[in-house]
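To start, the structure under review is shown below, and the notes come after it.
Below, chains carry the letters A, B, ... as their sequence lines are ordered, and counting in each starts from 1.
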Amino acid sequence: MEDVFNYAPAIALFPLVAFVVALTFGKYMPKKGALAGIIATGGSLALSVLMLVAVASGEVYHETLYQWAIGDAASEIGADGIEFTFGILIDPLAALMLVIVSLIAFLVHIFSLGYMNAEGETGLPRYYASLGLFTFSMLAFVYADNLLMAFMFFELVGLCSYLLIGFWFRTRSAPSAAKKAFLVTRFGDYFFLLGVVAIAATFGTVAFAGDNSFVAAAESAIDNGDTLFGFGAETWVTITALLVLGGVIGKSAQFPLHTWLPDAMEGPTTVSALIHAATMVAAGVYLVARMFGYYALSPTALAIIAFVGGFTALFAATMGVVKDDIKQVLAYSTISQYGYMMLGLGVGGYVAGVFHLMNHAFFKALLFLGAGAVIVLMHHEQDMWKMGGLKDKAPITYYTFLAGALALAGIIPFSGFWSKDEILYDALIVGLEEPVILAAYAMALVAVFFTGFYTFRMVFLTFHGEPRSEAAEDPHDIGWSIKAPLVVLGVLALVAGIANLAPVAKLAHIDITFLEHWLDGEYGAVEGLTYSAYGELLAFETAYIGGEQLTVLIAAGVSLLLAFSGAGLAWKLYSVPEPVAHKERLGGARQTLESNYYQDEYQVWLAEGFTQPLARAADRFDQTVIDGVVNSVSTASLFSSSRLKRIQTGLVTNYAALLVAGFIGLLLVLGYVGGWFL
Amino acid sequence: MTVGVEHYVLLSMALFAIGLFGILTRRNALMFLMSVELMLNAANINLIAFAFYHGNLSGQVFALFTMALAAAEVAVGLGIILLLYRNFRDVDVTVPTTMRW
């Protein structure tokens with residue numbers, strides 16, 4: 001199995017080739033470049049599965065492929081030389097994520113045949129080329145073996161999402177949404193860049209794994225009680241970890257940089273599925289998981305991650321409740337679900353966070369592709385109030401969508417329940433000792449209720465009741481290329497929870513937590529990148545309410561109860577033949593929720609009321625002071641030369657006289673200095 | 001009585017002063033040329049006098065160079081004067097003042 005890793009670079013390179021092919025020859029190809037993308041992502045998927053099998057048989061891969069700069073490191077501690085390299089790190093986490101990303105990308109490509117090709121879109125070569133580049137960047141990001149390489153592909157992912165969100169660039173809203181996504185995530189990435197520089201400057205290395213990784217260097221710095229840049233080692237680790245977290249918050253759409261994500265719905269629905277399930281948004285959380293050892297060194301950074309995650313989970317869920325557009329509901333659910341993952345990672349639940357990342361990838365891709373199918377059915381209508389009654393007309397879409405919805409709402413036994421419950425359980429046991437985490441847990445718990453409510457509000461409005469428009473009465477046909485990915489993902493949304501049935505394992509004392517063993521390196525792992533290695537670094541205390549089993553039951557019971565009550569409320573309000581809006585009952589809160597808590601407004605105000613005047617003042621300083629100095633120097637010389645040039649009369653006699661006078665003057669001066677006249 | 005080097009220097013100074021006076025006061029370009037010639041020759045006298053005084057030949061060699069230079073200068077100068085006359089119908093140096101800024 002050793003040789004199989006030699007093909008690892010091809011996983012990312014296949015989609016890159018597809019990008020080039022689709023861009024150059026897409027116009028002449030039968031499906032406008034779709035086939036290139038499908039073959040490439042299919043190849044990536046096959047190779048990724050091979051990697052997974054290889055890792056399962058106990059192998060790991062950590063290899064530097066290309067070194068593009070070596071320099072003297074001005075590092076505080078650690079190595080004298082710093083190397084910037086491209087390398088590949090395939091450990092259990094990366095192998096798992098590779099499979100997820102390539103699977104979702106593969107299914108999205110197939111779905112695009114039905115969603116884009118069959119609908120007669122123009123610009124398809126551009127679309128498939130962007131998808132290829134997107135998949136390439138994400139796959140390369142996933143198995144990057146150092147922080148700088150990760151940063152580069154992180155940026156490339158952002159660029160690709162810009163291209164794809166703005167795919168319909170002739171509309172007014174899409175380019176603006178694309179710009180917003182790019183700028184907002186870029187704002188976060190700015191901090192990430194600072195973090196990369198800070199880490200490189202501190203430890204002289206940016207490697208994720210191995211003996212000279214920055215994680216190991218940071219750990220020994222804390223043990224030795226070093227002082228880094230005038231801070232204690234732990235404080236400095238916290239600062240750099242939080243800087244990197246800036247990029248995570250931007251990409252994973254956490255509060256307060258979540259505002260780009262709902263607008264990103266302007267892109268094609270297939271792109272939304274890819275962005276939300278496997279690539280762009282997942283990149284942020286994956287980065288935290290990738291360098292979890294570093295975060296584990298800093299309880300403060302972890303607590304901030306957990307709190308931001310818990311808050312975002314609730315915050316986004318409440319906004320999802322009042323949205324009328326099916327894609328908008330899903331957008332807010334994505335923000336909310338990534339909040340859960342952040343909470344899970346923040347409380348040290350590495351396995352729980354990764355587990356939810358995996359399950360979410362399946363069910364959110366399913367829901368978005370389901371929404372795409374609904375949009376095709378509805379002749380491109382996205383308003384849920386114009387849908388209804390699709391249940392009988394499109395049973396495959398309905399049942400797969402329902403599977404995704406049940407997983408999203410966290411209803412037992414669908415996959416979402418198992419991972420969300422594990423996150424909440426981990427948060428609860430830490431929260432019993434740490435009040436901040438308890439607050440985050442409480443917010444995430446309330447969010448479960450809202451999740452159940454908005455999910456089933458969406459399901460009931462879309463599929464149940466009587467058709468509320470002509471399009472809903474006579475839906476458009478959908479082909480196999482739409483149905484097949486839905487079925488695959490529907491099955492995964494149902495069964496993916498088997499990977500880690502932690503509550504069952506704890507209650508029945510049977511060993512079925514496969515994902516935990518997987519991430520703990522029981523098959524193959526890079527040293528230091530395992531769950532138990534992270535566990536040793538964590539400083540969190542845990543406590544139980546009357547024993548472990550009772551705590552498990554309480555955590556699962558409360559979250560299930562809330563999920564059911566949310567779903568039940570949605571059922572009561574909207575599962576009627578002629579549902580009506582109930583927003584009036586929200587009173588004053590309605591306007592706030594529909595305006596998304598005025599987040600856009602305050603950010604626009606911040607840009608227009610603060611940044612712009614500041615930029616204007618800087619511009620004025622530049623125009624007046626800096627330019628003024630430069631201009632006055634040139635004005636002075638221009639003026640003096642315009643006066644001085646008058647001695648050039650054009651009369652050769654004058655010149656000769658000047659020469660002689662000058663010579664005599666020089667003679668006199670030299671004579672005076674030389675002392676002739678004394 | 002031997003002729004001391006100071007006599008040569010006085011002669012060369014007088015010649016140079018005459019040439020300089022010509023340049024500063026005359027307006028005719030031909031007179032300019034002659035005055036320049038006088039100044040060059042004043043320099044030549046100086047060179048030869050000091051060569052004789054120091055007893056080596058470099059000054060004399062330089063004087064030969066200067067003569068060649070003077071010949072070339074006259075050729076160029078006459079050419080310029082010819083052009084001046086063609087353009088301005090005059091050889092007065094105060095007329096062509098347009099070639100300044």
Side-chain heavy-atom pair T653(A), I23(B) within 4.5 angstrom cut-off: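 No, every pair of side-chain atoms sits at 4.5 Å or beyond.
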query: Hey, which of T94(B), V95(B), T25(B) has the most heavy atom pairs under 4.5 Å with chain A?
result: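 Ranked by contacts with chain A, first place is T94(B).
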- prompt: Any chance CZ of F84(A) has more than 12 other-residue heavy atoms, nucleotides or ligands included, within less than 6.0 Å?
  reply: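 Counting other residues, nucleotides and ligands, CZ of F84(A) exceeds 12 neighbours.
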message: For the CE atom on M13(B), are there more than 12 heavy atoms of other groups (residues, nucleotides or ligands in this structure) within a distance under 6.0 Å?
response: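 Open: at most 12 neighbouring heavy atoms sit under 6.0 Å from CE of M13(B).
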query: Applying side chain to side chain donor-acceptor pair (under 3.5 Å), which residue pairs with at least one partner in residues 622-640 of chain A are found, sequence neighbours left out?
result: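 Side chain to side chain donor-acceptor pair (under 3.5 Å) check on residues 622-640 of chain A returns no pairs.
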Toward chain A, the part of R26(B) with a non-hydrogen atom under 4.5 Å: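 The backbone, not the side chain.
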- prompt: What ring pair (Phe, Tyr, Trp, His ring centres under 6.0 Å) pairs are there with at least one residue in residues 178-199 of chain A, not counting sequence neighbours?
  reply: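 Non-adjacent pairs meeting ring pair (Phe, Tyr, Trp, His ring centres under 6.0 Å): F151(A)-F192(A), F154(A)-F192(A), Y162(A)-F182(A), F187(A)-F191(A).
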